[in-house]
Amino acid sequence: MPVVFITGGSRRIGKGLVHGFARKGWDVGFIYRQSRQQALLLQNQLAGSGVKVVAEQADISNEHELESALTNLDTLMGSPDVIVSNAGVFPQARGLLELTNSDVMQTLAVNTLPLLTIARWYKQRPTGRIIAISSLGAHEIWKNRIEYGVSKTALVRLGENLARTMAPTHTVNMVAPGMIAVPDDPSPAETEVSLLHTIPMGRYGSPEDIFDAVWFFATASPYITGQSLMVDGGYHLVR
C-alpha cells in the first residue's frame, strides 16, 4: 500500500489532503504542532477506513524535531512514496516600519526551510516525490505582507533548485492555492486578499481542489518536476 507523509495535516488544507489520500487507499502519516485534539479526531474519523493513519507532533521550524518525526513515521509505516510539505503560517499584516528581521526569519523558518529539511532527509531514500504547498502570494505582491510573500517566493525557488539537485531519483513540484474557504475552520486570509467577484470561476477554492492538484503530482509521470501549479479559479488571470 502506498504511503504519504503530510506536514500540517490536522487542519484546513492539510486535513483535506489526509482525507483525500485515505480515500485513495493510501496509508497516511501526518505531522501537527499544536492541534492535538484535531489530530486525534482526524485519526478517529479514519479509523475504520481500511488504511493506517498515524499522527506525530513536531515543531517543523526545528529541523531536529522535524527529522525525528519523519523518522518515527518511517519506522511505523515504511518509507513514504510522497511527502507533502504543507504546514505554514500567514502572519498579520505589517507595514515596513513595524516589520523586523526577526519577523521575516520566523516566517521563513515555518514556510520555507522545512522543505530543505525534508529534502535532506528524503534524499537518503532511493526514490520519492515531494510536493510543496506554496501560495498565490509567491507570484503576486500583497500590500503589507512582506514576510509572507518573501517566504513563499523563496519556497518556490527552493523547490525548483531541489528539483534539479534531487533528480533523477526524486521529483519536487509545487501547488499554489488561491483563496481557500474552509467553513468549519475559517481563516482571515480567505477574504482579506481577494474578493469573490474577482475570481473568474465565481467561488473560493476548497481543500478538495488542492488535493486534486497534489494527487496529480503524486501520481503523474516522474518526468514532471520543478513545476508550480496555481489553483485559484483563474484569479491570477485578472490581476
Side-chain angles (χ1 to χ4, degrees), residues 1-61 65-90 110 114-115 117-118 121-122 125 127-135 171 173-175 177 179-187 189-190 203-220 229 231:
M1 187 173 290
V3 176
V4 60
F5 295 171
I6 301 168
T7 67
S10 62
R11 299 181 56 222
R12 295 182 54 79
I13 289 175
K15 179 181 175 181
L17 297 177
V18 171
H19 276 284
F21 276 103
R23 285 194 302 270
K24 296 290 188 179
W26 287 44
D27 288 340
V28 183
F30 70 92
I31 296 171
Y32 68 96
R33 181 183 180 186
Q34 294 179 319
S35 306
R36 177 174 172 78
Q37 184 175 358
Q38 290 97 325
L40 294 176
L41 178 61
L42 182 54
Q43 281 186 296
N44 290 336
Q45 288 174 342
L46 296 172
S49 62
V51 300
K52 182 184 293 185
V53 179
V54 179
E56 280 283 325
Q57 190 279 330
D59 177 357
I60 65 162
S61 68
E65 284 193 30
L66 177 53
E67 288 173 354
S68 178
L70 292 169
T71 299
N72 289 343
L73 289 174
D74 184 90
T75 300
L76 293 169
M77 309 181 72
S79 184
D81 300 273
V82 173
I83 299 180
V84 183
S85 181
N86 165 72
V89 293
F90 188 71
V110 177
L115 179 60
T117 302
I118 288 168
W121 181 89
Y122 207 17
R125 276 63 185 173
T127 62
R129 300 172 186 237
I130 296 175
I131 303 162
I133 304 301
S134 173
S135 169
T171 66
N173 291 290
M174 286 68 67
V175 172
M179 298 304 106
I180 304 302
V182 183
D184 62 348
D185 193 359
S187 164
E190 287 170 5
R203 67 175 177 86
Y204 293 122
S206 69
E208 290 75 18
D209 294 318
I210 305 307
F211 174 74
D212 283 350
V214 170
W215 179 250
F216 168 73
F217 284 131
T219 57
L229 177 60
V231 184

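- Looking only at side-chain heavy atoms (C-beta outward), Phe217 and Thr171 stay at 4.5 Å or farther from each other.
- Judged as a side-chain contact (heavy atoms from CB on, under 4.5 Å), and not counting sequence neighbours, the contacts of Ser79 are Asp74, Arg125.
- Taken from CZ in Arg11 to CD in Gln34, the straight-line distance is 9.5 Å, to the nearest 0.5 Å.
- Taking the side chain to side chain donor-acceptor pair (under 3.5 Å) definition, one finds that Glu67 meets it with nothing, sequence neighbours left out.
- With rounding to the nearest 0.5 Å, the separation of OG in Ser134 from CG in Leu229 is 11.0 Å.
- Atom NZ in Lys15 sits 6.5 Å away from atom CG in Leu42 (nearest 0.5 Å).
- Inter-residue side-chain proximity for Val175 and Val231 is flagged as met; some heavy-atom pair is nearer than 4.5 Å.
- The CD atom of Gln43 sits 10.5 Å away from the OG atom of Ser10 when rounded to the nearest 0.5 Å.
- Partners of Thr71 by side chain to side chain donor-acceptor pair (under 3.5 Å), not counting sequence neighbours, listed by chain and number: Trp121.
- With values rounded to the nearest 0.5 angstrom, Leu66 atom CG is found 7.5 Å from Thr7 atom OG1.
- A side-chain donor-acceptor contact under 3.5 Å links Arg129 to the backbone of Ala220.
- For the atom pair CG (Asp212) and OG (Ser206), the distance works out to 8.0 Å, reported to the nearest 0.5 Å.
- Shown here are the salt bridge (Lys or Arg N to Asp or Glu O under 4.0 Å) partners of Asp209, two or more places apart in sequence or in another chain: Arg203.
- Leu73 has its side chain out of reach of Pro80: every pair of non-hydrogen atoms, C-beta onward, lies at least 4.5 Å apart.
- Contact annotation: the side chain of Glu56 approaches that of Leu76 to within less than 4.5 Å [non-hydrogen atoms, C-beta and beyond].
- Between the side chain of Glu65 and the backbone N or O of Ile60, no donor-acceptor pair lies under 3.5 Å.
- The shortest distance between side-chain heavy atoms of Val4 and Asp81 does not fall below 4.5 Å.
- Here the closest heavy-atom approach between residue Ala39 and residue Ala55 is recorded as CB-CB, 4.4 Å.
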Output a table of donor-acceptor pairs, distance under 3.5 Å, between side-chain atoms of residues 16-32 and any protein atom two or more places apart or on a different chain; print 'none' if there are none.
{"residue": "His19", "atom": "NE2", "partner": "Gln45", "partner atom": "OE1", "Å": "3.4"}
{"residue": "Asp27", "atom": "OD1", "partner": "Lys52", "partner atom": "N", "Å": "2.8"}
{"residue": "Tyr32", "atom": "OH", "partner": "Arg36", "partner atom": "NH1", "Å": "3.3"}

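- Side chains of Val214 and Ile133 form a contact here, defined as non-hydrogen atoms less than 4.5 Å apart.
- The salt bridge (charged side-chain N to carboxylate O under 4.0 Å, His left out) pairs that include a residue from residues 40-50 number zero, where partners must be two or more places apart or lie in different chains.
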